[in-house]
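Contents: one structure, followed by commentary.
Only this structure's heavy atoms are used, side chains among them; waters, hydrogens and symmetry mates stay out. Throughout, protein chains are lettered first and strands after them, A, B, ... in sequence-line order, and every chain is numbered starting at 1. All of these numbers come straight from a predicted model, not from anything done at the bench.
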2 protein chains.
Amino acid sequence: MSGTKIRNMEEFAAISGISRPTVSKYFNDPSSVRSSTRARIEAALEEHDYRPNIFAINQNRKLTKNIGIVVPYLADPFFAEIARNLEEHCIQVGYRPTLYSSHGEQKLELEIMDSLRSLRPAGVLFAPLGRASNKSEIEKFCSDVPTVLFDSNLEGIGEAFVGSDNFSFVSQTVEYLTRTGEPPIFFEMKTPANPNANKRRIAYLQMMERLGLDPHVIKVDGQGWAFEEIGRNGALKVLGTEKLPTNAILCSNDRLAIGFLSACYELGIKVGRGADASLRVASNDDHPFARFTCPSLTTAAHDYESVSNRSVETLFQLIESGGRFKDRTETLFQARLILRDSA
Amino acid sequence: MSGTKIRNMEEFAAISGISRPTVSKYFNDPSSVRSSTRARIEAALEEHDYRPNIFAINQNRKLTKNIGIVVPYLADPFFAEIARNLEEHCIQVGYRPTLYSSHGEQKLELEIMDSLRSLRPAGVLFAPLGRASNKSEIEKFCSDVPTVLFDSNLEGIGEAFVGSDNFSFVSQTVEYLTRTGEPPIFFEMKTPANPNANKRRIAYLQMMERLGLDPHVIKVDGQGWAFEEIGRNGALKVLGTEKLPTNAILCSNDRLAIGFLSACYELGIKVGRGADASLRVASNDDHPFARFTCPSLTTAAHDYESVSNRSVETLFQLIESGGRFKDRTETLFQARLILRDSA
DNA sequence: ATATAAATTTTACGCGCGATAAATTTTTAG
DNA sequence: CTAAAAATTTATCGCGCGTAAAATTTATAT
């Protein structure tokens, strides 16, 4: 790079010997200019490293290159990993993602939508809180900004939904537990934060009926997103008082299971498949920490590579379609059973 | 809100009956206009919900209201919590934070700095990767953008550093372990990602010398930010082969400890303070998951309320000082020992 | 070589707001 | 009640770029 600092596109155009509008075209799409001029611009670029002012660009472009990514709870490593994945994809195709976390609070989710509106994003990848979401506000938002929902579906809202097939999670875990031992009891929060939880309970009930077995659902108290704490307290209460009808527990999700296992350990209840174990515990999600629980957690894994890939693909199709789809599509990916030591 | 959509400040000014420059002043600082005109503007604001175009603002303002927040690894809930805290503070005082994660990779950390430059932020709160950072590039960045480093110190870089006093972590855990039983062995990564790890090892050696005890440091293989995995594999190897000189382990950080405890469980090694336990394990950080390990983890907690508060305060002082401090300050907060079941 | 299409340049304007200076009005102090 | 101070209005410029229409050059085909 040479010494002279370039202030704007005008100056850069002068140096490269190309007119400013053509340089502007180049930055919006390098392949839209003749290869000879492209070469001249890129030569000048190596000499003087100039970058167009992002604010001026966004002010004038009809459609920005901004993408919003919203997750419900970033302190959950599962969402952090997905968000990272989504960010990467967006950057690769030349967009500027911005990451937001609702942190379990409706107020924050609303504020985020407010922020996003003023960013005039080309599109938004949105994993809503679920039960705590202000659905009519999200619906309004989606009618203003091209949005693909992921992870957590809000019926009819957004141009598309990409997530995991909750039935495939529960059917595999229930089938496995039943086949290899006693049928499971379903362990969940009384008022789950997330619609996936409801679908998983329904799937459990269906599976048990299909297998001709009596379902048992344990619902524990607790609100919010501190699932581990809720699972732990619930387990301490249940395991201390009730006599369980079978020796297998299926937690609605891994974070509850992490709490459940910590309670088992504290109560001296041996969990696992061995003969010395008195309880088997399985779960759903394959949380990043599921390999480090004691014992390691048998769980059904999200195909979150596919979920995030498809979410981004869908969003870019949406953007190219002008922000609207004719029909709202729902894409669900199958879970994969991961056998570890807890069941 | 009424029906008419407002396109720009001109239109809004006309409706509110105030001149545009005064409206502009209001949005930059509501207290800078007479209370009677403020009331008129706010009345109009309730009728027509207008918001100034963020891009036009940032293009023209000498100093934007953007704040960059950079953490090394967002999939670590510890950083997610801190980031949330920082974001909240920034928003409260009218700034617009944007969150970035380097995800353990130098390449990403560099790209983030690149993005941040074009955002022309008023200031940046930066927790660098540490060993994997390109220090000279970070130094360049800090000379362009007012930056406060936090969590992980790079000597002499940035206008200030706010973090935790590593000595106070280790001194408390070492003192406690020694007082209540055998002195600890220090367990860490061979090539730690973070400078805090080195300071903690040094603190351990100092404390042991001060107490007149023989230090023992176990360094396990592994690179990157998958600390749990590294701790687990290291523990499996060490516990399987070596005869430990004492029955107490002090892990450099909680994520290593999480892996260590999972290895202990798998090997059937009982961890805790009871007479039936053969090993005590303590650690540093008070990770959000430390309460759910088996057994729950005795650890020294960051005062991360204070760290995040002070980081933000320092940054705003820096911004008000025009982006430069006369002297670079380092602020360290003391740890607090949290006694749980593992030691 | 000529006609035609494609790419580029020129010219001109607009985006929405911050900033500033001078003129005017309103408020405050004496 | 008057002078000074403070706030507002008016007027105008500039920020850095996108975009569109018209004029011109260059490439492609006949």
Side-chain angles (χ1 to χ4, degrees), chain A residues 4-45 48-66 94-96 117-122, chain B residues 4-45 48-66 94-96 117-122:
Chain A
T4 51
K5 283 272 172 182
I6 307 218
R7 301 189 168 280
N8 53 37
M9 197 179 278
E10 191 84 47
E11 287 187 20
F12 177 75
I15 288 176
S16 61
I18 307 287
S19 74
R20 190 180 67 73
T22 304
V23 171
S24 173
K25 267 192 83 178
Y26 168 84
F27 279 108
N28 285 321
D29 179 9
S31 69
S32 70
V33 305
R34 197 170 15 187
S35 63
S36 60
T37 60
R38 184 164 58 237
R40 291 172 66 189
I41 291 175
E42 281 164 359
L45 220 41
H48 300 277
D49 89 320
Y50 154 77
R51 297 180 53 168
N53 179 301
I54 188 82
F55 303 116
I57 291 175
N58 284 330
Q59 181 175 19
N60 295 307
R61 229 203 285 265
K62 284 173 187 164
L63 213 55
T64 71
K65 289 278 190 179
N66 299 328
Y95 281 78
R96 288 182 63 100
R117 277 185 218 268
S118 65
L119 269 188
R120 289 179 39 222
Chain B
T4 51
K5 284 271 174 183
I6 310 228
R7 301 190 167 280
N8 54 36
M9 197 179 277
E10 191 83 48
E11 287 188 19
F12 177 75
I15 287 176
S16 61
I18 307 286
S19 73
R20 187 178 69 76
T22 303
V23 171
S24 173
K25 269 192 80 177
Y26 167 84
F27 278 109
N28 286 321
D29 178 8
S31 70
S32 70
V33 304
R34 196 160 34 194
S35 63
S36 60
T37 61
R38 184 163 57 239
R40 290 173 67 188
I41 291 176
E42 281 163 358
L45 220 42
H48 300 277
D49 89 320
Y50 154 78
R51 297 182 52 170
N53 180 302
I54 189 82
F55 302 116
I57 290 175
N58 284 330
Q59 181 175 20
N60 294 308
R61 231 204 285 264
K62 285 173 188 164
L63 210 57
T64 72
K65 290 277 190 180
N66 299 328
Y95 281 77
R96 288 182 62 101
R117 276 185 218 269
S118 65
L119 268 188
R120 288 180 39 223

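Ile57(B) has its CD1 atom 17 Å from the P atom of dG16(D), to the nearest Å. Between the CZ atom of Arg51(B) and the C1' atom of dC17(C) there is a distance of 15 Å, given to the nearest Å. Note: CG (Asn53(B)) to P (dC17(C)) measures 6 Å, nearest angstrom. The CZ atom of Phe27(B) sits 9 Å away from the P atom of dC17(C) (whole-angstrom rounding). Atom-to-atom, CZ of Arg7(B) to C1' of dG14(C) comes out at 13 Å; the value is rounded to the nearest Å. In this entry the distance linking CG of Asn58(B) with P of dG18(C) reads 10 Å, nearest Å. Separating the CD1 atom of Ile18(A) from the P atom of dT8(C) is a distance of 8 Å, rounded to the nearest angstrom. For the pair Arg38(B) CZ and dA7(D) P, the interatomic distance rounds to 11 Å; values are reported in whole Å.
At the phosphate of dG16(D), neither OP1 nor OP2 sits under 4.0 Å from any side-chain N or O atom of Tyr50(A). Within the 4.0 Å cut-off from OP1 or OP2 of dA7(C), not a single side-chain nitrogen or oxygen of Arg34(A) is found. OP1 or OP2 of dT8(D) lies within a sub-4.0 Å distance of a side-chain N or O belonging to Thr37(B). Put simply, Thr22(B) has no side-chain N or O that comes within less than 4.0 Å of OP1 or OP2 on dA7(D).
Of the two residues near DNA chain C, Ser36(B) and Lys25(A), the one whose nearest nucleotide lies more 5' is Lys25(A).
Interface remark: the Arg20(B) side chain does not form any donor-acceptor pair with the dG16(C) base, using a distance-only criterion of under 3.5 Å. Judged by distance alone, with hydrogens and angles left aside, Asn60(A) brings a side-chain donor or acceptor within reach of the base of dG16(D), the pair sitting under 3.5 Å.
Phe12(A) and Tyr50(A) have parallel rings, their planes meeting at less than 30° on a 0 to 90° scale where 60° marks the start of perpendicular.
The side chain of Pro21(B) lies closest to dA11(D) when the candidates are dC17(D), dA11(D), dC17(C).
A side-chain donor-acceptor contact under 3.5 Å links Arg38(A) to the backbone of Pro30(A).
The shortest heavy-atom contact between Arg120(B) and Thr64(B) is O-OG1, 2.7 Å. Residue Gln59(B) comes nearest to Ala56(A) through the heavy atom pair NE2-CB, 3.3 Å, listed as atom of the first residue, atom of the second, then distance.
Rounded to the nearest 0.5 angstrom, Arg96(B) CZ and Lys65(B) NZ are separated by 12.5 Å.
Counting non-hydrogen atoms under 4.0 angstrom, Ser24(B) reaches the backbone sugars and phosphates but no base.
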